[in-house]
Number of protein chains: 2
Amino acid sequence: MSQATRVPQEQRTRAMRTRLLDATVELLAERGFAGTSTTLVSQRAGVSRGAQLHHFPAKNDLVVAAVEHITEARGEALKEAAGALPEGGQRTRHVLAMLAEQVTSPVFAAALELWVAARTDEQLAAAVGPLEQRIGRELHRATVELLDVDESKPGVRELVQATLDLVRGLALADTITDDAARRERILDHWAEVLERELR
Amino acid sequence: MSQATRVPQEQRTRAMRTRLLDATVELLAERGFAGTSTTLVSQRAGVSRGAQLHHFPAKNDLVVAAVEHITEARGEALKEAAGALPEGGQRTRHVLAMLAEQVTSPVFAAALELWVAARTDEQLAAAVGPLEQRIGRELHRATVELLDVDESKPGVRELVQATLDLVRGLALADTITDDAARRERILDHWAEVLERELR
DNA sequence: AAACAAACAGTCAACCCTGACTGTATATTT
DNA sequence: AAATATACAGTCAGGGTTGACTGTTTGTTT
């Protein structure tokens, strides 16, 4: 039992952390920030309370780590979605659809919970702020690339940013009323505007 | 003391409720939904716990009423701002500035807290959903009027809605990063686009 | 003016959540 | 193979929040 080292501690640690963070994201999306008690997380993750507190001494530690976890998850999802993007005339509309899909996922809901929680929690804000700024920049760069537009042209940068903010706004509205039809109509027209204004 | 009825109960009731709801909105903006304990509200309002529980038996009752209170407050603010709106060439840009100002106020922060809380609270959602839909319609109508555009023209309706969602998105981004400069630049360009697209 | 109802004040018990503590098992190092 | 450090398990006390309870004042009705 001692010479045959089957499971290195590093892997065990990573697996344990991943389970905890996945559970945290799930609960954030399902029950919100306040509803995500550390006890629930340990239960959902199938991890003992002691083990949880070993990896994340306080709830803030757990949640901050979950933000980073969310970031990676969002990055992966974006890359995957970008790869499956069709070429052709409707490309702008497809890019918008992809962005909209991104922000209607549970991952966005979890992130939203963190943004709002961070608004009134300095500690959290200190961790979430820089992270979101980084993600924002990456998303902007990716969007410019996907849309294949020339950012040196005046106004283009602002319109791309407006597009991302619009999508966020639509996602926010979606959390309460949830009518996809309205969103689709708006994005249809927005795509047309972008086609005219960006070229 | 008994024949001179100075303060009717109806007024007293209304004053008491107003104080409680104002305090609730303040605390929602300052401390978030979870941080808004009913005890804090009664303290902030200068109202005894018993009086508070007389008017609002449970926290949900208080918060739902606060939503309605927020609605009225937003309506008033909108009317005031609309009255002070300058005429002339830059009108579109001024309307955008007005909308942006609306959603960067503490009232918006309080509303945001409620939206997010309602996302994982059925009871709250049942009260917040219809209310927000009503406000949304009113705001849309007011914006169409302020921008003085023809809604029968195809695409106009969607662009106005997109504008409102964009502003919401900007407001959401503002709660974490708070850079007004970026917002102004985006709205500058969006105003130009709207001028071209809506006419 | 008396009876009644509503508004209001203060206290408190039950509940849940966080994080600290003690003990055990597993992995790594020498 | 022994020693040591880390990972993990279960329990529990402290703090805070909700809403129920009792008593008092003020307004209304007859």
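In the text below, chain A, chain B and the rest are named by the order of the sequence lines, each starting its count at 1.
- Between A:S37 and the phosphate of C:dC16, there is no side-chain N or O to OP1/OP2 separation shorter than 4.0 Å.
- A salt bridge is absent between A:R31 and A:E113; no separation between the charged side-chain nitrogens and carboxylate oxygens falls under 4.0 Å.
- The distance from atom CZ of A:R31 to atom C1' of C:dC17 is 14 Å, rounded to the nearest whole Å.
- Look at B:R182 and B:D174 and you find no salt bridge, because none of the NZ, NE, NH1 or NH2 atoms lies under 4.0 Å from a carboxylate O.
- Which of D:dG19, C:dA7, C:dT18 sits closest to the side chain of A:T39 comes down to C:dT18.
- The nearest whole Å value for the distance from the CG atom in B:L27 to the P atom in D:dG16 is 17 Å.
- Defined by atom type and a distance below 3.5 Å, a donor-acceptor pair is present between the side-chain atoms of B:E151 and B:H140.
- Nucleotide D:dT17 holds its P atom 17 Å from the CG atom of B:N60, rounded to whole Å.
- Within 6.0 Å of the CD atom in B:E138, the count of heavy atoms belonging to other residues, nucleotides or ligands exceeds 12.
- Residues passing the side-chain hydrogen bond (donor to acceptor under 3.5 Å, both in side chains) test with A:E184 are A:R93, sequence neighbours excluded.
- Atom P of nucleotide C:dA20 and atom NZ of A:K59 are separated by 16 Å, given to the nearest angstrom.
- Residue B:F56 contributes atom CZ, which lies 15 Å from atom P of D:dT18 at whole-angstrom precision.
- Rounded to whole Å, the distance from NE2 on A:H54 to P on C:dT26 is 16 Å.
- A sub-4.0 Å separation between OP1 or OP2 of C:dA6 and a side-chain N or O of B:H55 is absent.
- For the pair A:L40 CG and C:dG19 P, the computed distance is 15 Å after rounding to whole Å.
- The nearest whole Å value for the distance from the CZ atom in A:R17 to the P atom in D:dA7 is 10 Å.
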Short heteroatom pairs, N/O only, protein and nucleotides 9-11 of chain D, under 3.5 Å:
{"from": "D:dA9", "atom 1": "OP2", "to": "A:S48", "atom 2": "N", "distance (Å)": "2.8"}
{"from": "D:dA9", "atom 1": "OP2", "to": "A:S48", "atom 2": "OG", "distance (Å)": "2.6"}
{"from": "D:dA9", "atom 1": "O5'", "to": "A:S48", "atom 2": "OG", "distance (Å)": "3.2"}

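- Every residue meeting the side-chain hydrogen bond (donor to acceptor under 3.5 Å, both in side chains) condition with A:E132, not counting sequence neighbours, appears here in chain and number order: A:R74, A:W115.
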Going through the distances and angles, do A:T24 and A:H69 end up as a side chain to side chain contact (heavy atoms under 4.5 Å, CB included)? CA-CA 10 Å; A:T24 304; A:H69 193 64; over 6 Å; no
